[in-house]
Amino acid sequence: MEKISQKGFFSFLYDCFRWNMQGGVPFQIFRLFLIAGMVFGLYAYSHQARHGLEVTGMSNIVSWGFYISNFTFLVGVAAAAVMLILPAYMFHDPDFHRVVLIGEGLAVGALVMCLSFITVDLGGPLQAWHLIPGIGLFNFPSSILAWDVIVLNGYLLLNALVPLYILYSHYMGRKADERKYRPFVFLSIFWAFSIHMVTAFLYQGLPARPFWNNPLMGPRFLASAFAAGPSLIILVLATIHSFTSFKIEKQVFHKLRLIIVVSAIINLIMLFSEIFKEFYFPTHHSISAMYLFFGLEGHNALVPWIWTSIGCNVVATLILAFNPGDNSPKVLLPACLVLFIAIWMEKGIGLIVPGLIPSPMGEIVDYLPTWVELGVTLGIFCLGITVVSWLIHPALIIEERYDQLTGSAKE
Amino acid sequence: MVSRKDKEGQVKKKNLLDSQTSRRSFLKGASIAAAAGSAALVTGCVPGAEAGSSEEFSLKWEEYFKKHYRLMTQEEKDETIARLVKLAKLQYDLDIQMSSRPPQEQVLYGYAFNITRCEGFMDCVKACVKENNQDRKSKTQYIRTFEMEPGQLDPSTGDGKYFHEVPVDNKFYMGVQCFQCENAPCIKACPTKATWREPDGIVVVDYDWCIGCRYCMAACPYWGRRFNWGKPEIPQEEINTKQHYLGNRIRPKGKVEKCTFCVQRTREGKLPACAEACPTGARVFGNLLDPDSEIRYVLKHKKVFRMKEELGTDPKFWYFID
């Protein structure tokens with residue numbers, strides 16, 4: 001203890017780095033795989049940087065594709081950390097308090113992925129400085145994309161700095177001062193909702209695209225994210241529980257399951273409401289939905305995709321709701337995984353691509369991502385997982401040490 | 001009404017210009033710092049990587065740090081144009097002329113399209129591609145023509161891919177391009193103000209300021225915008241060397257472009273290439289503020305309509321029937 005309290009911020013950083021370099025052989029192999037994925041992503045991106053976005057499957061009609069789809073979905077994952085933050089910090093739920101740092105680490109990883117997806121989608125990534133207020137020309141408040149830049153970066157800062165402060169305090173062997181970080185926690189809760197709503201408004205605010213121009217978009221974003229995000233959190237917590245010495249209370253999984261069930265059911269109700277509106281009395285505004293669910297003029301690339309997604313979504317929601325395994329991980333974890341993938345399919349490609357088909361001039365084309373898009377996406381996913389593991393690995397070590405410290409102090 | 005708009009325009013311009021000095025000094029500092037730090041990175045990815053000579057590299061370097069077009073003084077506009085002209089010489093061995101000619105006073109452009117007369121020859125499309133240096137590889141076209149069945153009036157229900165002898169009996173034709181909306185969703189969407197409406201009504205893009213996010217393309221209800229997915233390719237001998245900074249200059253890779261009513265021609269008092277090329281006289285172009293113009297005659301005496309009027313975009317492009 002003596003030793004720790006003499007240390008400062010730089011040794012904190014150094015120790016975090018050092019701990020990250022340690023770890024068992026399987027952990028290092030896992031890291032190597034991540035690095036390989038990132039290298040492949042970089043290679044694919046270098047291809048795109050050289051030739052331009054023509055190496056992607058996008059076109060003047062489907063002008064946003066796999067990148068923006070993944071971005072949209074991951075905003076939801078990032079915001080879902082609020083489902084741990086809210087009970088942990090606001091209601092002082094002791095179970096959640098122990099795992100909230102993991103949720104925040106996930107949020108940071110998801111945001112890094114979001115920002116990366118936006119960057120790789122830009123035609124002129126080197127001109128991105130034009131967005132920086134002061135040296136660039138920021139179209140605020142008119143452009144919703146400008147709002148999105150603010151809320152995403154703000155949320156990233158909040159989710160990085162609050163845990164940083166708490167972890168640093170614990171590293172130094174003292175209690176984090178709640179008065180200092182509580183205002184920021186409050187802010188981050190509101191901010192989590194805002195990153196959702198703003199990202200939904202990005203699409204919702206376009207009368208040119210009737211498929212998106214739908215007031216349910218924002219609320220559905222929230223519901224689907226609060227189902228998909230906590231599903232991912234359950235999976236990550238289960239992984240940590242089985243592979244590390246950091247043990248997680250069963251209660252956490254039970255509570256998260258309830259959150260997922262409620263959100264997933266609300267999500268399905270809203271999905272049903274949307275489908276009803278589109279197909280009970282189809283207008284020319286329903287044409288994108290027709291393309292998505294049934295195909296148009298022989299173009300039906302997304303039909304199997306969306307039905308697979310909806311099928312998985314319903315099945316997983318039912319399993320989680322009726323809980324046949326009585327919270328057994330053997331049932332819970334696959335159900336969470338299936339639900340997560342189903343929502344990724346629907347809130348990603350299933351949302352973005354049909355919004356652009358047919359074009360406002362009635363032209364229908366299919367969209368398929370190319371190997372470059374898949375490679376870059378793989379690289380970004382590996383980057384995100386790397387960030388999460390680099391954040392959570394030392395965080396857990398610090399927390400365990402702090403637990404021992406406070407435990408022995410009490411004795 | 002017009003004078004009020006002009007005043008607004010001037011006030012806006014002033015506001016834009018006010019923030020200029022601080023930006024300028026900051027940029028200078030930033031560019032020096034960046035030059036020191038990121039030269040290696042930039043050689044990796046900026047188009048300057050292919051720079052053949054150090055002169056080319058330094059020109060591209062200065063271009064990279066230049067300002068938004070609307071924040072430039074006339075002097076700065078002249079400088080960047082001089083650089084672009086030099087670069088065209090170095091890269092393509094081309095002698096181009098580039099203009100930054102501002103809008104004329106008391107001019108607001110409008111366009112009217114005669115559905116009765118158009119016979120679908122698509123001479124307008126050809127003229128537009130040539131005039132505006134559009135990418136031949138991806139077959140970029142600002143104008144689309146649709147073959148319509150009687151009883152339709154919405155081009156999105158027509159056939160945009162017809163490939164046969166025209167005109168076909170009992171069909172009619174509609175041309176579609178950027179409608180230069182007064183209340184343009186694309187302008188609202190752009191996160192960097194890289195696209196705006198000029199006082200003469202033309203919606204333009206500063207290609208060098210655009211970051212290529214394509215939000216404007218998603219926002220446009222008329223599919224009026226195109227993206228440079230790759231580097232535009234135009235046969236050397238077909239490049240139109242009479243260019244405008246906001247118009248038909250050769251676009252960089254990864255930027256959005258669109259119809260500008262041929263700003264390089266119309267600001268010189270000429271017709272847009274499409275209107276000039278049309279063999280049937282279906283295309284009417286003119287100054288909406290001039291009561292004696294043909295366009296005003298059409299708007300006054302013909303039955304006119306606009307596409308997707310319900311969106312409130314207020315296009316400056318009308319269709320009419322003789």
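Excluded from the calculations below are hydrogen atoms, water molecules and symmetry mates; all remaining heavy atoms, backbone and side chain alike, are included.
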Lys/Arg-Asp/Glu bridge criterion (N-O < 4.0 Å) met for [X], [Y]:
{"X": "B/Lys171", "Y": "B/Glu149", "result": "yes"}
{"X": "B/Arg306", "Y": "B/Asp314", "result": "yes"}
{"X": "B/Arg83", "Y": "B/Glu62", "result": "yes"}
{"X": "B/Lys66", "Y": "B/Asp206", "result": "no"}
{"X": "B/Arg251", "Y": "B/Glu257", "result": "yes"}

What part of [X] lies closer than 4.5 angstrom to a heavy atom of chain A: side chain, backbone, both or neither?
{"X": "B/Cys213", "answer": "both"}
{"X": "B/Ala189", "answer": "backbone"}
{"X": "B/Leu311", "answer": "side chain"}
{"X": "B/Asn228", "answer": "neither"}
{"X": "B/Pro155", "answer": "both"}

Counting heavy-atom pairs under 4.5 Å to chain A, which of [options] comes out on top?
{"options": "B/Thr192, B/Thr313, B/Val256", "answer": "B/Thr192"}
{"options": "B/Arg225, B/Lys308, B/Met307, B/Arg226", "answer": "B/Arg226"}
{"options": "B/Gly160, B/Gly224, B/Pro191, B/Ser138", "answer": "B/Pro191"}
{"options": "B/Ala218, B/Gly230, B/Gly158, B/Gly254", "answer": "B/Ala218"}
{"options": "B/Lys137, B/Lys188, B/Glu310", "answer": "B/Lys188"}

Can you tell which part of [X] gets under 4.5 Å to a heavy atom of chain B, answering side chain, backbone, both or neither?
{"X": "A/Trp147", "result": "neither"}
{"X": "A/Ser63", "result": "both"}
{"X": "A/Ser59", "result": "backbone"}
{"X": "A/Ile68", "result": "neither"}
{"X": "A/Ile61", "result": "both"}
{"X": "A/Leu206", "result": "side chain"}

Would you say the side chains of [X] and [Y] form a donor-acceptor pair under 3.5 Å?
{"X": "B/Glu63", "Y": "B/Thr80", "value": "yes"}
{"X": "A/Tyr291", "Y": "A/Asp366", "value": "yes"}
{"X": "A/Gln204", "Y": "A/Asn213", "value": "no"}

**Request:** For residues B/Arg70 and B/Trp196, determine if any side-chain heavy atom of one lies less than 4.5 Å from a side-chain heavy atom of the other.
**Result:**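 A side-chain contact under 4.5 Å exists here.
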**Message:** Only pairs of heavy atoms separated by less than 4.5 Å count here; which of A/Glu363, A/His51, A/Met361 has the most with chain B?
**Reply:**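 Winner by heavy-atom pair count: A/Met361.
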**Request:** Under the side-chain hydrogen bond (donor to acceptor under 3.5 Å, both in side chains) rule, what do B/Asp154 and B/Thr157 come out as? Steps first, then yes or no, please.
**Result:** CA-CA 6 Å; B/Asp154 179 357; B/Thr157 56; 5.3 Å; no
**cation_pi(B/Lys77, B/Tyr69) dist<6.0 Å, angle<=45** =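 Satisfied, under 6.0 Å and within 45°.
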